[in-house]
Amino acid sequence: QVQLVESGGGLVQAGGSLRLSCVVSGSIFSINSMGWYRQAPGKQRELVAFIASDYSTNYADAAKGRFTMTRDDAKNAVHLLMNSLKPEDTAVYYCNADIVRLSDRSPSVYWGQGTQVTVSS
């Protein structure tokens, strides 16, 4: 069984920083791409940042210049460093991964349970 567990969310003042982490556990053969998504109340879930297996990254326009996504394949983890946070960054942040399972070498997409980020003005 594969699990993704996020951590690092919390309450921060505008202009502050947070570092989110997502750790993958379970019977994994390999991890392809991973992403961070967020969902604010009343809004659709949106992509924030994405990192491929070659470590190339893509960011949503709202995240460019402020957020940095990294991955640590030795620990099956990804991180999202968020600087210069704004109230509009308030949302539940979800980790997503395209994982090849050890059991059947079949790829599937998995999601974490989410971590709340609240930015006060």
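- Atoms CG and NZ, from Asp73 and Lys75 in turn, are 12.5 Å apart once rounded to the nearest 0.5 Å.
- Between Arg101 and Ser27, the side chains place no donor N or O within less than 3.5 Å of an acceptor N or O (distance only, hydrogens not considered).
- When side chains are defined from C-beta on, Cys22 does not count as touching Tyr94, because their heavy atoms never get closer than 4.5 Å.
- Between Ser121 and Ala14, the closest heavy-atom pair is CA-CB, 4.4 Å.
- Taking each heavy atom of Ala49 and Leu80 in turn, the nearest pair found is CB-CD1, 4.1 Å.
- Val23 places none of its side-chain heavy atoms less than 4.5 Å from the side chain of Gln3.
- The side-chain heavy atoms of Ile51 and Asn58, taken from C-beta on, include no pair separated by under 4.5 Å.
- Proximity of Phe50 to Thr57: side-chain heavy atoms (C-beta onward) are nowhere separated by under 4.5 Å.
- Of the candidates Thr118, Thr90, Leu18, Leu18 is the only one forming a side chain to side chain contact (heavy atoms under 4.5 Å, CB included) with Leu85.
- Of the N and O atoms on the side chains of Arg38 and Tyr93, at least one donor lies less than 3.5 Å from an acceptor on the other residue.
- Rounded to the nearest 0.5 angstrom, Ser17 OG and Leu81 CG are separated by 6.0 Å.
- For the atom pair CG (Asn76) and CD1 (Ile31), the distance works out to 4.0 Å, reported to the nearest 0.5 Å.
- A 4.5 Å side-chain heavy-atom check between Asn32 and Ile99 finds every atom pair outside the cut-off.
- Looking at Met34 and Tyr110, their side chains never come closer than 4.5 Å, going by heavy atoms from C-beta outward.
- Residue Gln113 holds its CD atom at 4.5 Å from CD of Glu6, rounded to the nearest 0.5 Å.
- Residues Val24 and Val2 are in side-chain contact: their nearest non-hydrogen atoms beyond the backbone lie under 4.5 Å apart.
- Between the side chains of Ser21 and His79, at least one donor N or O lies within less than 3.5 Å of an accepting N or O.
- Partner of Tyr37 under the side chain to side chain contact (heavy atoms under 4.5 Å, CB included) criterion, chosen from Leu47, Val48, Val92: Leu47.
- The CH2 atom of Trp36 sits 8.0 Å away from the CE atom of Met82 when rounded to the nearest 0.5 Å.
- More than 12 heavy atoms of other shown residues, nucleotides or ligands fall within 6.0 angstrom of atom CD in Gln116.
- Between Ser84 atom OG and Phe67 atom CZ the span is 9.0 Å, to the nearest 0.5 Å.
- Between Asp72 and Val78, every side-chain heavy-atom pair lies at or beyond the 4.5 Å cut-off.
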